[in-house]
Structure formats: C-alpha cells, structure tokens
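Here the structure is laid out as structure tokens; the discussion comes afterwards.
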Amino acid sequence: MADFEPVLLRRVGRPLDIWAYRADGGYRPLEKALNELQPPQIIQMVRDAGLRGRGGAGFSCGLKWSFLPKDHPGPIYLCVNIDESEPCTFNNRYLIENDPHQVIEGVLLACYATRATTAYLYFRYEYGKAARIMQQAIGEAYAHGLLGDNILGKGLNVNAYIHRGAGAYICGEETGLIESLEGKRAWPRIKPPYPAVEGAFRKPTVVNNPETLSCVVHIIDRGADWFKSLGIPSSDPARPERGSYGPKLYNLSGHINKPGTFEIPMGITTQELIDKYGGGVWKGKKAKGAIPGGLSTGILTAAEFDARLDYDDLARYEIMGLGTAAVTVFDEDTSIVDVVYNIARFFSHESCGQCTPCREGTGWMLQILERMRAGQGRREDLDILADVGDRIGIIPGTTICGLSDGAGWPIKNAVKKFRAEFEAYIKSGQKKQTVSLALAHH
Amino acid sequence: MPEQVQLTIDGRLVTVAAGTTVWEAARAAGIDIPVLCHQPRLRPVGVCRLCVVDVGARVLAASCVRACEEDMEVQTTSPRIERSRRVLLELLLADHPSPCARERTTGDCELEALARRYGLLDRRYEQGPTRPIDDSSRVIAVDHNACILCDRCIRACDEIQSNEVIGRVDRGGAARIAFDLDQPMGQSTCVSCGECAASCPTGALTNKPLARRTGESGLLPLVPRSQTTAVDSVCPYCGVGCALTYHVRDNRILWADGRDSPGNEGRLCVKGRYGWDYALHEQRLTRPLIRRAEFYPKGPLSRDVRGTPSPPTPLPPGERGERQKTPLPRSGGEGRNGIVDYAEVLPAFREASWDEALDRIASRLKAIKQAHGSAALAGFGSAKCSNEEAYLFQKLIRAALGTNNVDHCTRLCHASSVAALLEGIGSGSVTDVFGDARLADVILLTGSNTTANHPVAATFFKEATRCGTKLIVVDPRRPDIANFAAFYCRTNPGTDVAFYNAVMHVLVTEGLCNEDFIRDRTENFEALRDLVVDYSPERMAPVCGIDAETIRAVARTIGGARAMMTFWGMGISQHTHGTDNARCLIALCLLTGNVGQPGTGLHPLRGQNNVQGASDAGLIPMYYPDYQKVGDPAVRAKFEAAWGVPLDPAPGLTVVEIMAGALEGCIRGMFMMGENPFLSDPNINKVRKALSKLEFLAVQDIFLTETAEFADVVLPASSFLEKTGTYTNTDRRVQIGRNALVPPGEARLDWQVLCELSTRLGYPMDYTSPEEVFAEFASLTKSYAGLTYANLGTTGKLWPCPDPDHSEGTKVLFAERFPTPTGRGRFVPCAFQTAKELPDGDYPLVLNTGRLLEHWHTGTMTRRAQALDALQPGPFVEVHPDDLGRYGLADGATVTVRSRRGAIRLEARASRAVTPGSVFIPFHFREAAANVLTIDELDPYGKIPEFKFCAVRLEK
C-alpha cells in the first residue's frame, strides 16, 4: 500500500525498551550531535531542513529556538506539549506509545541545541498509558546515562520530568501549558513576552511537540537535505519558508473504513488519504465533508478534497491551516448542523473564560445552535454565527490566544459552505434524526 | 533600559516613563480608551479586550497591559478596533439585565454607559436571565446575570484586601465568580469589606440599600451620584483612620466610598463602609434630660445594667451566619435585644431646656468643689471625640474645675505601652507608619487580632507577606492573620515576657544583635544582657509553651532581618505586666537596631479613631497637651499663662483610680463626654456601685448609654457624622473629619456645649469654630505646630510636620536620636511574673476578652448600625471543642461563665482559635457583659487593667 518507508513510525511493533531502541540505532544521532555539532549548528540544520512545528501553528522550529536570549545565565526550560487535546488528534500518543525513546532523543537534541537543562513533559490527563510508558523510558534513560548529569560523558546535563494535566483543552496553548505547569489555572498569558523570553517560572522556555522533536532526530541522522527532499516547496517562490517538508503523521477518523495514524510525506491530498490509507468512506456512502486538521482548522466539503494536506494549500478553501493533520470525515447523511453544534459545544466548554470575546462568543454560538436544533432557528442566526465567528480570536485581534479563532473558523466555514443545508434545516423547523459525529478519542 | 520612552498615540507625540502602559499614557494625554476590566488601583490583566489598540502589529494589543515602546505608533481607534469593541459590547449586553442593579441605584453601570456611547440599545442577541442571584450577604447583592467576568472583584479581594474569598468556577460560557468553594456569599468567609462591590463595574456586586429608621417605611434609596452631596471625611471607628467619602442627600448618608489617601489607599472595612447609620437611629437623644426626683437614690434603671439574672434570647441552632434576619432595625421597645430599652430608662428622666440642664451641671459641680475641693471632681473625655473637643474638655476640667482628674479610655488600651515607650525612647507615639510594613522584611505582630480590630492596616500586612515579608505572629488566641504567618507562636496566656526574654537570649548569645546600634544609640544594655542570660529557650519553653527550636528560629529570623517592624495590640498592653511586655518589645527593637529607618519601628496599633489625638490634646491626668508634664513648674507656668488661671500642680487620677475613688467617696462629682465606663471598665459590679455612689454625674452622649442610667443630667451630643474636627490616627496622621449631617432635634455640637458649660462654671470660653480651637491647641504644642485646617487639606498630615506647605509630615521618627534626656534609647530588663489571678480548681479556665470585626467597644454605635448588628447579633463565648466535651456542653448551648466577681449567661461556640483551658468573650454585649467577669487589678506603671487574663469557670 504505502510506497513510503516510515521514518517516525519505523519502530512500531518493536520492543519499547532502551536496549531494543539502541539496537535499532537509537541515540546514535544524539552521539553524533554531541561529538560533531555545536548547538548553533543544530539550530541551523533544523532551520535548513524547513522543519515546521507539528502541533498546529506550523511555526519554524529552528526560528523558534533562535529566539532564546543569547548568553542567558539559565536555567532555560524545554516543555514538551503532550496535552494533545485537539479532537480526533492522536498522532503523538501513537508515537509515544510505540517509540518513547525516539521522543526522549528528540528532547535531548533540543536541550543540547537550546542549552535547556530541564525538560517538562506535559501529558494531558487522559494519556495515562502513554505517560506510564514514557515514565518507564525516562527511568531507563537515567539508568543508561542518557538523562541526568554529564550525558554520554559529554557534559550535557538534562533532567526530564513528567507533568500530568487535569483535563483542559487550553493546556495545549503553550502559555496555558506553562501556567498549568506552574500550578495555576491554565489561562494563556498575554504576549509579549513570548515564552522564549519569559516562559516557565519566568525563564526562557521552548515549547515543542513530540512529533516535531522526533523529526529533529532524523534531521540529525539523515541531514537537512534528506528532510527537505520530502514534501512540497512553497507555492510562492518569494516566500520559501512557507514550504511543507518532511514526513508527517496523519490521523484519520470519522466515517471511514480504516481509521488510524499514517506516516506520509507532507502534501498528500485529502482524497488520496481517505481512499488510499483509510479504505474509503464507510458503509459505501459518499462523504459530505471533512475536518482537515482538527476541529479548529475549518471544514472542507467533499468537492474540496483535492486540497493538499500541507501548510499552504488548504488556504485555497479558507481552511485556517494544517493544524494537527487529523482528518475527520463525515458522510453524506450527517447533518451539518449537528457537526457544527458539536464543535460549538466543545469550544464553549473548553474556552478558559478569560477573554470576553471568546467566553461570550463561544457561548453565544452554542446558544444559537441549540435554539436551531430545538426548531427555533431564524435565518438571521446564520449571519450572526458568521459574524461572531469572524470577530473573535487572535486574528481579528480580540483575544489573548487562538482558541476562539479555532472556535469561530469551522462555524463560519460551515455557514458559508453549507448555507443551503442550514437554511433548509431552519425552515423545516424540526430537529433532524441524525447520527452524531463520533469524535475519535472521546 | 531607558527611563523615558517616546511614542505617538493617535498622531500625538507623547513621552512617558518606561514601563507605562499604553492605556495610562493615553489617559495622561487626555485620550480615553474604553475599558471594563481595568481600574488604576488594580493590577492590569487585559481580559475584557475592550481597550485593544493598534500598535502596528499583526494583532491588536490590550492597551491596559501593553507597555509603551520607543517609537511605537498607537492608534486607539480605527474601523477595525471600533467593530471589535462593538461586537464585544453586543456580546456582553446580550444577557445583561438592563437596567442592572447598579444602573438602577447609583446610576453608574460602566457597561450600560458604553452601550449608550456605542448606540447599542437595540440588541441583535437577546437572552433573558439564565444565571443565579445570590441574596445571602447582609450587605452585598450578587447578580451573576450582570457579571461580565472582568475579575475586578477577584483582584480587589485578593490584591487590595488580601481576603482571597472570590474566585472563579467553571470555564467558558459557564464561568462564574464564586465565593470560597462556591458557597453563597453570606455563608462564605467573606468579611463584608465591600471592596468587591466598590470595584464592580456593573450590577453584579452592589451595596444593598439599608432600611430607613423604624417608623418610616421602605429603604434608604440609593440614587445616582450626581444627586448626592459628597462629603470627604474619615471613618469614625478605629485608629487606622481611613479616609472616606459619604454620599449624602436629605440629611441622610446613602453610602460611603473609600477615598484615596496615603493612609488607607482607598480601602475600607465593614464598619467604615456599612456602619454609619447609627447616627440615624431613633434612640438618638434630642433634648437635655434631668433625672426625676423619685428616681433618687440613684441606681441602674434597665435590667441589663441592674444585672438581674435572666436567660438570654435563645437563638435557632446551627444558624451561625444566618441569625436575626428581620426585622431591622430594632425598635426600642422590644426588651432584651442588645440595646437599651428606653421604656425602662426614659421614665426616670424629664426633658429640660439647655439652660436648665447646663445651669444644673454648673451649679452642682461648683457646689461639690466648694464643699470638698477640686480633687472631688473628675472628668472622662473620649477618644471618639475630636482633638478640639479633647482639648476643650481637658481645659474645662483643668482650668474651670481646677483638677487634673481627667482621663479617657486610652488608659484601658495603651497606657502601659505609652508608659514603656516614654521610659524607653522618650515618646509614646508610633515610630513609623503601618503602611511601611511593606518595606519591612520581617513583621512582628503580637497581641493583635488585626483583621478584626485594624482591618485595613491588616490588609497592608497581608499584602507585604505576598511580596516576601515574613510575618511572625505571637498570640495565645490564634488570630486569622496567622494564616499569613511564617511563624505562628501560640504562647501560653500571660507569658509574653518569658517568650521575648528567651528570644533576646538567643539574639545576645548567638551574636545576632546590632552592636553598632547598641553602642551608638542605647544605654543600659548590660543590665538587659545580664537578665536575659538566664532565659534560655530551653528553660522558657515549658513556661511560654513554645518549643526551644521555634524560639531560636524566630530569634534568628528577627536577627537576620534587614528591617523589622513591630506591631502590637491589647494582648500586650492589657495585663498587670503590660508595661513589662511593651518594654520587652522595645528592647527587642533596640537590640536589633530596628528603630529609625523606614520599615522598622515600634507601632502600638491605636484602638480608637482619635486615641492618639486625645492623648496628644492632654486628656491624661499627668500631662498637658503634647505630653508636657503637669508636675513640671515651668510647663505649668506656660499653661497658666496661656489659660489665665492657676492650675493644680498635682497629677490627677486615672480612669480606674477615679472609679475606685468614687466608690470610696473621695470622687463625688463627674462629667463624662462620650465614655461608657459601665461596660468598658473591668469588674462591672464594682463600677455599678461606684457610679451609684456619685453625688453628681453629668453625661454628654448621643444615646442613653449604660453609664447614663446613673446620671443626674444627660446632654444630647452630636455624633461624629454631624461635626467637623481633626482626628489623629495611629500613624500620627492628623485628618479633618467633616460634618455630613445636621444634628437631630436640639442636640448640639460638643465643642459648643463645652464652651457653654465652661462659661457657666465661671471660666468663659469663646471660640467661633473648631478651627480656632485647633489653632490654640497647636500653638501650645511642638508636634502640631504649623498645622492648620488649610494645610491639612483632604488627606491630612503626619505630625511632626515642620514644613506643612511642602511635606506630608514625618513618617519615620528618631532616625538620629531619641527624645530622652540622654538622647539614647534605654533597655529596661523585665523579669517574668505571672498574671494576678491564675486558674485553680474552682476557676480552671483563663478568660481572654476582646473585640469582633463588626463591633466597636460597648456597641453603642455598632449595635445600632443595621448591617453590623445583623452580622453579629449577640454575645457568645469561644470554647475549645475539647473543653466543650469535658464540660458536657454542645456547640451553641447556653452556658454560665462565672468568675469571682460575677457571672453572665451566653451562647458557647466551639472554636479552635482558643486553646483548651482558655475561653474568649467579646466585650461589646451589654446583655452578657464580659467585664462583669474581668479583674480590676492594675499594671503598676500604666495603671491599665488586666482585661486579658482572669480565672473563670463554665456552668451549664
């Protein structure tokens, strides 16, 4: 089926322990880096590879590292964001449950590159199994001199700690994560200052995603050119940094025959992913649409499935971005009103409640959709939904973090792209008999 | 970092200090940026997002949190920004109950004002109220529908008052403010300071209107600010002296706001914010009264004052915070409900004209003077009255009656502290202001239930601990502020000297003293050293109840402090060894050099609003104004010249001595202004006999107090709220209290009454205003010299103030030398002595007395303030649950507490603030007066009674 040899997932099915990992060549990239590369060289390699963050925003990883203040007396912290809370997203869980040492190796390389001495691995509360596997792996790494003081005799000192969250989506926002790590309510911080300048415990901090860190291992191992040979360059030659490179873990869920996690070079189309990897839409039905990268990125109609799942191409269809590359398909019998209602309910529940536009806006969108589903929808509600969806968030400039951008985006997408269905729904004035959207990991 | 940055705001070039926020910079430039979640008093959080501006970045920035940057170009308004603000306001208004409780009352809902400004009166989103209303608080109404989650109340509660009651529950659209762990406000640990309601921009948290007086229907209407007269005054209660503004209409105070002043920084407590309606109480005296002939021989009139045993009003069980819901206020005819029943008392008096009443007083006092000499007369002034009234009162007693038998209630609070301070450092006043606690790295707080008795000062201490200051609390009864303490030392009652000597032992033996300071600024160190050597922590641990390691840790913390500030209250002073206790604290500060610098010093927290001023003004038997000694011939000559009469060279008697004199018959005639010794003095049964025995007693007060029942003539006085005068707070801050109301009926201003009476006594006083009195007083002192009403202004001055036109006055005293004869501070070593009456088999428990947050002293004012009375309606005794079990008593049971001097019946409440073996009774409640039990043993130096320690037992 796959014509691509997995890299990040190459060890799926192999034993999880450190002996097996080392036997498979693990920690050699780390040794290579410690022996041959200076931290600035690693940062440069990561920049040259065009590695962009896998967590959602797609920010250049090397650039992010370069924002750390030079000659800072320390400590500098690395936070690994395993608060994987975007609905239908589970690629990092899969990665950790199948190959924890790869993530630790990425952590060590990042710490070496950024001079961080402490890594906090922030797990969402529900990831008990992954956290236990990681704890075991961390213990092994300490025992093998791969964590602690003077790692591999090269003077690198890194301590790693697991921190488990208490169950809130907002802890995945990097400053919300930091607040939560500090023992506070996870209210995102006002930026500036950004975490690179003032993060955990008011010290410079890098927040990275496990998949991103795993990519670093292979960039060191195989080189930046190899990484850049996978994926799609920027469509705008003037802005080469907008390219989408490297292997990517895609999640596929929803009304699909074979849901799962697949490693594919960046840039596969939605249709190809569904057909080639997911075995097509279930029950022989047609798709009505899909969420291309986690709820907060927006909604594609089936007619838009030619969109490539990369950082660039989805914008053609007014999708906010690749997000977490978690594709959720819904079939032709699914009510779009139910899909949107589900999304609105999620974001209203998960809004931290700090900023007025998000707290009130997500609540209002939900109330309007509840009313619609109770058969009391009005035509003007659609304009209000689109308007509110457009006015809340960091992009319109009204909130501290991006949660409400994500809350508004799919709703305004849906209202625009499925307006006829909404209007018919409102007109029928009745609650439809529908299959509710199964959220893969809920 | 540059000190100044230059930027443009809406095209205008602006230069501001680095770190200034865009919002502040714009405001200073006269550009108004709408905001809801920010107030200048609060830490900005940037959550309402209304104040977003364009700073040329990809996203808009909240101007209240965004610091100005060099060359920044700020647009405070643009179509994009205005659209954002409109959407935001629309969202907030969608479920806002219009008009909300704030708009309906004081008319200043900030959200509704913005709605009008943006023309958003028609709503695209509409939703009725979906959120709860919480009516459980006595003073604050909570409507979650009007709440916009701006978190101003949370920050006010956490950061201004440090009460940490309000937080948030739930997230997203379901988010709500909540009290404690989501309790109804009235059942939470809220102390009703009202800071949240004062900070709330909408109708979510609003002051409840108070009921009118009995006999009138409805509530006192809260009206828009523009329809009230704002009177800048100060609070009539404690020595903190908070600046406030009364909002007055139709001779009624409708509400009070905290006012920004260097003292309280706009903060208030429950008494200041909600406790002013006593002045409107129907029991106010409005005409002079003369005792009817058939009520001689004199004696108590009401049941409570007679002391006739009768069961206290039973209270419904298990309703601690919920008692006594209605009706408010109480009328005078209901019998035993906390205030005097006029039906029992008034028949003993007839109304009289002012002329008749004043003539009666003058002639009777003159007659006693002629028959028995001036020494048979005495006067009690009050620390509740102004400096001017105190000055005139002592002048009347000294110049017109010819005796120095003039004293006031300071004798009962800090006389021992003052005695020790005068002896040790030559001055009885505080050496630094309480606000400077924030500059200290250690605060020693001892014998003070600060959150109850000086609530606003306590907010500064709590604030300091949040910024790293270590708080050491030493108290046998655990005060709430111990929650903020690095060390809480629960000493055994009455063992302060043992504890502090042990602390000093460690300082001396471990070399933690400030040797330079000891050498340059003190004397008699050797004597102290020789004494404390014998007080090792190991030896003292079993005496004071603190283990040796803790004593050492406390001593090392004190010894290692860069700056330590020491605060104390009645727990130190009200002992037969109260002066010794204070001497130890002075020695501790001298030993470590903690006097004379900001954030150091000795601060006995003054109780009454004007206890500092009344003492300054000479309401003390051994001192003329400004502590000029009566016994000093030169001083006497000065005052004889100023007042134009010969003065008595002998110092007079103190409060408890005067009462004893009355009992013995050597004091025969008395004039009391605003004092209520019947409830405030120790051993009430003895006071009752003494007052009954007086040949003549004139009382000048606003209500018929317990003491007035023994009076021959009662004069209707004016309340604090009706007069203008200066008051000196615990910091030495002299502030003007301005009249907000007109006195009721024929009640007169006290200074005018004093002038009138003095004139009739043959010593004419002719002043045209309190200001003129103040000028005369100030001219006779060093401390007040130069101060005038004009330069005191709205926020007052700290005395001494050598340059009142350009300076706030002196915060820190004695940076160079002490005002002692040698210029040095003096160590006075004190050996440990036990209290006078130790527990034994018959009376096995130690009784401690004190105050509650909601009440003031004998309750004359606070029990007639509706909100305060509703919050704390009746007497109780705090007993440790172990002791309740030992005596077979249930929490809430009615018990008798008996001492060798008397017994009272009241409710027992389980409390872990007291230790097993000790009980606590607040002394505010006439129906179960704690001072029936207390012992009238005195400290030999300060002549202060031992209110804090006597032996009692519990009976079912």
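Chain letters run A, B, ... following the sequence lines, proteins first and then strands; every chain starts at 1.
For A:Lys412, the NZ atom sits in a packed shell: over 12 heavy atoms of surrounding residues, nucleotides or ligands are nearer than 6.0 Å. Residue-environment remark: CZ (B:Arg27) stays at or below the threshold of 12 foreign heavy atoms within 6.0 Å. Residue B:Glu73 qualifies as open at atom CD: its count of foreign heavy atoms under 6.0 Å is 12 or below. In the displayed structure, A:Tyr125 atom OH is contacted under 6.0 Å by at most 12 heavy atoms of other residues, nucleotides or ligands. Annotation: A:Arg202, atom CZ; neighbour count of heavy atoms from other residues, nucleotides and ligands within 6.0 Å does not exceed 12. Enclosure of atom NZ in A:Lys416 is not indicated, since only 12 or fewer non-hydrogen atoms of other residues, nucleotides or ligands lie within 6.0 angstrom.
When every heavy atom of B:Ile148 is checked against every heavy atom of A:Arg359, the shortest pair comes out as O-NH2, 2.8 Å. Between A:Thr398 and B:Ser84, the closest heavy-atom pair is CG2-OG, 2.9 Å. Pairing each heavy atom of B:Arg49 with each of A:Thr399, the nearest pair is NH2-O, 3.3 Å.
Of the residues considered (B:Asp151, B:Val47, B:Leu92, B:Asp54), B:Val47 shows the highest number of contacts with chain A, using heavy-atom pairs under 4.5 Å. The candidate with the highest count of non-hydrogen atom pairs below 4.5 Å against chain B, out of A:Gly393, A:Gly353, A:Gly363, is A:Gly353.
Contacts of A:Cys352 with chain B are made by backbone atoms alone, with heavy-atom separations under 4.5 Å and no side-chain atom involved. For A:Ile394, the parts lying under 4.5 angstrom from a heavy atom of chain B are both the backbone and the side chain. Proximity to chain A (any heavy atom under 4.5 Å) is restricted, for B:Arg66, to the side chain, taken from C-beta onward. Of the two parts of B:Asp170, only the backbone, made up of N, CA, C and O, holds a non-hydrogen atom closer than 4.5 Å to a non-hydrogen atom of chain A. Using a 4.5 Å cut-off between heavy atoms, A:Pro357 contacts chain B through both its backbone and its side chain.
By the 4.5 Å heavy-atom criterion applied to side chains, A:Trp187 and B:Arg168 are counted as neighbours. Using a 4.5 Å heavy-atom threshold, the side chains of A:Ile395 and B:Val59 count as separate.
Atom CG of B:Asp95 is separated from atom CD of A:Gln367 by 7.5 Å, given to the nearest 0.5 angstrom. Here the straight-line distance linking atom CD of A:Gln354 with atom SG of B:Cys37 works out to 9.5 Å at 0.5 Å rounding. Note: B:Leu88 CG to A:Ile392 CD1 = 10.0 Å, rounded to the nearest 0.5 Å. Atom SG of A:Cys355 is separated from atom CG of B:Leu50 by 12.5 Å, given to the nearest 0.5 angstrom. In this structure, A:Arg391 CZ and B:Arg85 CZ are separated by 14.5 Å, a value rounded to the nearest 0.5 Å.
A donor-acceptor pair under 3.5 Å is absent between the side-chain atoms of B:Arg171 and the main chain of A:Ser348, judged by distance alone.
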inquiry  = Using side-chain contact (heavy atoms from CB on, under 4.5 Å), reason through A:Thr356 and B:Leu149 one step at a time and then give a plain yes or no.
reply    = CA-CA 8 Å; A:Thr356 312; B:Leu149 278 300; over 6 Å; no
